[in-house]
Number of protein chains: 2
Amino acid sequence: MKVLIVEDDPLHRSYLHEAVNAALPECDTVIEAENGTIGEKLAREHKSAHIVMDLQMASRNGIEAARTIWKERPETRILFWSNYSDEAYVRGVSRIVPDGAAYGYVLKSASDERLKLALRSIFVESQCVVDREVRGLQQRSLGQTNGFTDSEYEILVDIALGLTDRAIAGRRGLSLRSVQNRLQQLYDKLDVYQAASDDNDDGRFNLRARAITIAFLRKLLNYSALERAEAELQEWLDGK
Amino acid sequence: MKVLIVEDDPLHRSYLHEAVNAALPECDTVIEAENGTIGEKLAREHKSAHIVMDLQMASRNGIEAARTIWKERPETRILFWSNYSDEAYVRGVSRIVPDGAAYGYVLKSASDERLKLALRSIFVESQCVVDREVRGLQQRSLGQTNGFTDSEYEILVDIALGLTDRAIAGRRGLSLRSVQNRLQQLYDKLDVYQAASDDNDDGRFNLRARAITIAFLRKLLNYSALERAEAELQEWLDGK
DNA sequence: GAACAAGCTGCGGGTTTACGCAAGACGGCG
DNA sequence: CGCCGTCTTGCGTAAACCCGCAGCTTGTTC
C-alpha cells in the first residue's frame with residue numbers, strides 16, 4: 001500500500017508520516033507533497049489510492065485538490081486532516097465527495113489514537129470516519145434542521161461576493177424579487193435584525209453587509225470558501 | 001532567564017521549546033501555555049519578561065493576549081510567531097506595540113536559524129526583528145505609499161461590521177456626507193470599479209459588499225480582525 | 001499674507017435595497 | 001379533485017446608498 005501525504009506544515013507532515021507508519025504496517029511507501037498543486041501532480045503520477053490531505057494550504061487548498069483528484073479517480077480514499085471544523089469547510093467537503101467514496105474528516109486536535117484508527121478504517125476497511133464535532137455540523141448542514149438550505153447558502157455566497165440583486169438574478173436565473181425574497185429568508189435565519197429593540201436608533205445595521213459579517217463570525221464563510229466562490233464567479237463572467 | 005511560550009498546536013509548542021533551549025543556553029525555565037487566556041494568566045503570575053506568542057489561537061488570539069500583557073508590563077519582550085503575514089495581523093500588531101518595546105514578528109515558514117537568531121536578538125539584545133516579508137507590509141501600511149490610511153482602514157472595518165452610513169457617522173463623529181466621502185476614497189483604492197469598464201452591464205457589483213470581499217481576498221481583513229472589531233463595536237454599543 | 005491642497009459638510013438626484021401585498025405555479029395529500 | 005404549503009413573480013414605497021457640485025475650515029508652503 002502506498003500513502004500520499006499532502007500537508008504544508010513540515011512538522012505536521014513528519015508527524016503524519018510517523019502516524020501512517022505506525023498505524024499501517026502494510027504500507028510500504030509514503031510520499032509527501034507540500035501543497036495542493038504538488039499533491040495533485042503526485043497523485044496523478046502515482047495513481048494514489050490513499051491520501052491524507054490538509055485543508056488550508058497556501059498554494060492550492062485541500063478542497064480544490066481533492067476535487068480534481070476525485071474527478072480523475074473517484075474511488076480514491078481521502079482523509080482530510082484539518083485544524084478547523086468551520087461549516088464552510090465541512091460544506092465544501094461534503095459537496096465534492098463522490099457517491100460511495102470512502103473518506104474521513106479528522107481534526108488535528110484529535111488524539112494519536114483517533115488518527116490512527118481513522119487511518120485504518122478508511123484505508124483498510126473503506127469506511128467513512130468523521131469526527132463527532134464535524135459530524136454535528138454536517139447533519140445540521142445537509143438536513144434542514146436549524147441549518148441553511150442550499151439556496152440560502154448560495155445567495156449568501158453571492159452577496160458575499162459583492163453582487164447586486166440584479167446580477168444574482170441573472171446568474172441564478174431568477175427574478176429580481178425572488179432574489180430579494182431569498183435574501184430576506186437569509187436575514188431571518190442569520191438573525192440580522194436586532195437594534196430595533198432599543199429606542200436608540202443609532203445602532204442600525206446595513207443588513208446585507210451585516211449578514212456577511214455574521215456569516216464570517218459563525219464560520220459559515222471563511223477565506224477559502226470566498227476564494228473558491230470568487231474563482232467560480234470569474235469563470236462565469238468570462239463565459240459571458 | 002525564563003521564557004513563556006503561548007501556542008496552541010502541541011507540535012509547534014514542543015518545537016519552539018527545543019528551539020528556545022538551543023538558542024538560549026542562559027534560559028533556565030520554559031513555561032508553556034496552550035491558548036491566549038492561559039498565556040495571560042501565566043504571564044501575570046510569573047511576571048514573564050520574555051514571551052513567544054502565536055497569533056491565531058482559538059480561545060483568545062495572540063493580539064488580544066499581547067495587548068493586555070503589554071498594558072500591564074510594557075517592557076515585556078514578545079516574539080510573534082505566525083503562519084501568516086496578513087496585513088490585518090501586521091496592522092493589528094503594530095497598533096499595540098508600546099513605545100520602545102522590543103518585539104519581533106517571524107513567520108513559521110522561516111528556517112530554524114532565523115528563528116534562533118530572532119530569539120537571541122529580541123530576548124538578549126532587546127532588538128526588534130521583523131521578517132523581511134512582514135516588514136514590507138508594515139512600511140506600506142504605516143507609511144502612506146500605496147497603502148491605506150488609518151481613516152480608510154477604519155471605515156473599511158466599519159462597513160465590514162455591517163454598519164450603516166449613519167451609524168458610522170455617529171460612531172466616528174462625522175457627518176453623513178463625510179462618511180460617504182471616505183467610502184468613495186476606499187472604493188477607489190480597492191479598485192472596486194472594474195466591471196463598470198466593460199460594456200457588459202450584467203456583472204454589476206454592490207460596491208459596499210464588494211469592497212469587503214476584496215479586502216478579505218487581499219488579507220486586509222481576516223477573521224481575527226473582524227472578531228476584534230466586533231468586540232469593540234459591542235463595547236461601544238453598550239456604552240450607549 | 002496669499003495660494004494651495006486636503007478634508008468636512010449640505011444639497012440634490014439617480015439607483016439600489018428592503019419589504020408588504022397579492023396573484024399565480026407547483027407538488028403532495030386526504 | 002380541492003385544499004394547503006412552499007416558491008416565484010410583479011407592483012409599489014420608503015429608506016439607504018452612490019456621487020457630482022460647491023461652499024468652508026484647516027494646515028502647509030512660499
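Here is the naming used below: chain letters follow the sequence lines, and residue numbers restart at 1 for every chain.
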Open item on the list: Just by distance, no angles: are the side chains of A/Gln184 and A/Gln180 close enough, under 3.5 Å, to form a donor-acceptor pair?
Closed with: no

Open item on the list: If only side-chain N and O atoms count, and only distance matters, is there a donor-acceptor pair under 3.5 Å linking A/Tyr89 with A/Gln56?
Closed with: yes

Task: Side-chain ion pair, A/Arg60 and A/Asp8, N-O less than 4.0 Å - done: no

- [ ] Return the value, rounded to whole Å, for the distance between atom OH of B/Tyr187 and atom C1' of D/dC18.
- [x] 8 Å

- [ ] Would you please classify the geometry between the A/Tyr103 ring and the A/Phe80 ring as parallel, tilted or perpendicular, with 30° and 60° separating the classes?
- [x] perpendicular

Task: Shortest side-chain distance from A/Leu207, nucleotide among D/dC18, C/dC19, D/dA16 - done: C/dC19

Task: Value in whole Å for how far the P atom of D/dC18 lies from CZ of B/Arg210 - done: 15 Å

- [ ] Would you mind reading off the distance between B/Arg166 atom CZ and D/dC18 atom C1', rounded to a whole angstrom?
- [x] 16 Å

Open item on the list: In whole Å, I'd like the distance from the CG atom of A/Leu183 to the P atom of D/dT8.
Closed with: 12 Å

Task: Residue list, salt bridge (charged side-chain N to carboxylate O under 4.0 Å, His left out) with B/Asp86, at least two apart or on another chain - done: none

- [ ] Mind calculating the distance between CD1 (A/Ile168) and C1' (C/dA18) to the nearest angstrom?
- [x] 14 Å

Task: Whole-Å gap separating P (C/dT17) and CD1 (A/Ile159) - done: 11 Å

Open item on the list: What is the distance, to the nearest angstrom, from the CD atom on A/Gln184 to the C1' atom on C/dC21?
Closed with: 12 Å

TODO: Report yes if a side-chain nitrogen or oxygen of A/Asn206 is closer than 4.0 Å to either non-bridging phosphate oxygen (OP1 or OP2) of D/dC17; otherwise report no.
DONE: yes

- [ ] Side chain of A/Arg208 only, please: which of C/dA18, D/dC18, C/dT16 is the nearest?
- [x] C/dA18

Open item on the list: If I take atom CG from residue A/Asp188 and atom CD from residue A/Gln185, how far apart are they, to the nearest 0.5 angstrom?
Closed with: 8.0 Å

Open item on the list: Using ring centroids (six-membered ring only for Trp), state whether B/Phe216 and A/Phe216 fall under 6.0 Å.
Closed with: yes

Task: Base versus backbone protein contacts along nucleotides 5-12 of chain C [heavy-atom cut-off under 4.0 Å; B, S, -] - done: ---SBBB-

- [ ] Give the rounded distance in Å between these two atoms: CG of A/Asp165 and C1' of D/dT9.
- [x] 14 Å

